[in-house]
Amino acid sequence: MPESTAPQVSSFSTTFTPAHLKFINAKLEKLSPEKIIEWAMISLPGLIQTTAFGPTGLVILDMINRIHIENQSAANVHPTPASSSASEDEDDDHHFKKSGYNTQRHPVPLIFIDTLYHFQETLDLAQQVQDHYNIPLKVYKPLNCETTADFEAQYGQQLWESDDLSYDYLVKVEPGRRAYQELNAQAVISGRRRSQKGDRAHLDILEIESGTGLLKLNPLATWSFQQVWTYLRAYQVPFNALLEQGYRSIGDWHSTKPASNPDDERSGRWEGKQKSECGLHVDYFKMRAEFQATQKKKQALLASREAAAAAATAPAIQA
């Protein structure tokens, strides 16, 4: 059982009273996603982006990169790729901006939670994105696990079927909290949108996570899937090949199918289950408490079975 990551309360978020947050959201509603992101890059300390390389996360990443390149250009910093010299001619500058090359320090750390059960297409895209934007990717996996075999050796096969809550906590929530803690994150950019329906239908652009005080920014909250898709194609942003096979929301391979309802892009997730979130966007303290309670029950059951087995073998030994 992994040690529970102790969540750090964001001191910065304590400056946001409910009235202040409401005021800020009213202002952010009037801004474009690019302007929201630009505001956050200037105003929110400890800002990071988490992504599983879904369509919205890719749009946000591209916007961050374009803002960064524009800022570099304004400061007369030439964004050349690592393999090129600073004497490249001006024609290359247009190519750099189009393709997203960027060797200056990426302003927003990019976090990928590798559950060990992603589609191969998602893992291929992760590498493609790193190459396309020339940015580092900070990867977090389940604690003390490098491979699927490592995870299943500890927790068994198909844990998502036998104990869905523990699965979500182990492969997503704990690695995510570990990333926040190690990177001193105070604000996280997410790709959630209102058009994804369910619990996301009434998203604010800026939220404060209950208990931890972590700020969550949803810069594309007002966009539709079509707007996201149009941006990806218009700016030649790399995207998951599964999108062209009817998938809309892409998570782990075992819980993701092509969207069954064209009006609900998350209809291909967790088919047949009363579930709409993986755990990253639910009450952290409640989920951690439920996980710990589940682990205690499992340990007590195991101890009981071992005691019963020992008692059953005792007479045979005496005989």
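Sequence positions, counted from 1, serve as the residue numbers for this chain.
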Heavy-atom side-chain proximity of L110 to I64 below 4.5 angstrom: no

Contact check, side chains of F112 and Q130, non-hydrogen atoms, under 4.5 Å: no

Steps toward side chain to side chain contact (heavy atoms under 4.5 Å, CB included) verdict (I111, Y180): CA-CA 9 Å; I111 312 304; Y180 301 162; over 6 Å; no

Worked verdict on T122 versus N240 for side chain to side chain contact (heavy atoms under 4.5 Å, CB included): CA-CA 6 Å; T122 301; N240 198 313; 3.1 Å; yes

Inter-residue atom distance T212.OG1 - Q181.CD, 0.5 Å rounding: 12.0 Å

Reported CG-to-CZ distance for the pair N218 and R193, which is rounded to 0.5 angstrom: 11.0 Å

Derivation of the side chain to side chain contact (heavy atoms under 4.5 Å, CB included) call for Q186 and L44: CA-CA 8 Å; Q186 296 188 60; L44 302 182; over 6 Å; no

V171 side chain near L116 side chain, heavy-atom distance below 4.5 Å: no

Backbone of G57 reached by a side-chain donor or acceptor of Q49 within 3.5 Å: yes

Side chain proximity check, D163 to Y155, heavy atoms < 4.5 angstrom: no

From CG (L137) to CD1 (I135), nearest 0.5 Å: 7.5 Å

Heavy-atom side-chain contact between L220 and M63 under 4.5 Å: yes

Backbone of T147 reached by a side-chain donor or acceptor of D150 within 3.5 Å: yes

Heavy-atom side-chain contact between Q128 and D131 under 4.5 Å: no

Any donor-acceptor N/O pair, K216 side chain to E207 backbone, under 3.5 Å: no

Side-chain donor-acceptor contact under 3.5 Å, T222 with E29: no

I24 reachable from L203 in the ILVMFWY side-chain graph, under 4.5 Å edges: no

Donor on one side chain, acceptor on other, T230 and Q226, under 3.5 Å: yes

For L47 against P109, the heavy-atom pair lying closest together: O-CD, 3.3 Å

K35, NZ: over 12 other non-hydrogen atoms inside 6.0 angstrom: no

Pair R194-I205, side chain to side chain contact (heavy atoms under 4.5 Å, CB included): steps then yes or no: CA-CA 10 Å; R194 294 169 189 162; I205 293 174; 4.3 Å; yes

L243, V237, I60 screened by side-chain contact (heavy atoms from CB on, under 4.5 Å) with P55, the one that passes: L243

Under 3.5 Å: donor-acceptor pair, side chain of N65, backbone of L61: no

Atom of L143, atom of Q154 and distance for their closest heavy-atom approach: O-NE2, 4.2 Å

Candidates Y231, W229, F53, Y247 - the one meeting ring pair (Phe, Tyr, Trp, His ring centres under 6.0 Å) with F239: W229

Sub-4.5 Å side-chain heavy-atom contact between E121 and I250: no

Heavy-atom side-chain contact between K27 and W39 under 4.5 Å: no

Test log, rule salt bridge (Lys or Arg N to Asp or Glu O under 4.0 Å), inputs R177 and E174: CA-CA 5 Å; R177 294 293 158 173; E174 189 283 326; over 6 Å; no

The single option from Y167, F119, W160 passing side-chain contact (heavy atoms from CB on, under 4.5 Å) against D252: Y167

Exercise: do Q120 and D124 side chains pair donor with acceptor under 3.5 Å: yes

Exam field: side chain S195 to backbone W223, donor-acceptor pair closer than 3.5 Å: yes

Short side-chain to backbone donor-acceptor contact, T256 and G251, under 3.5 Å: yes

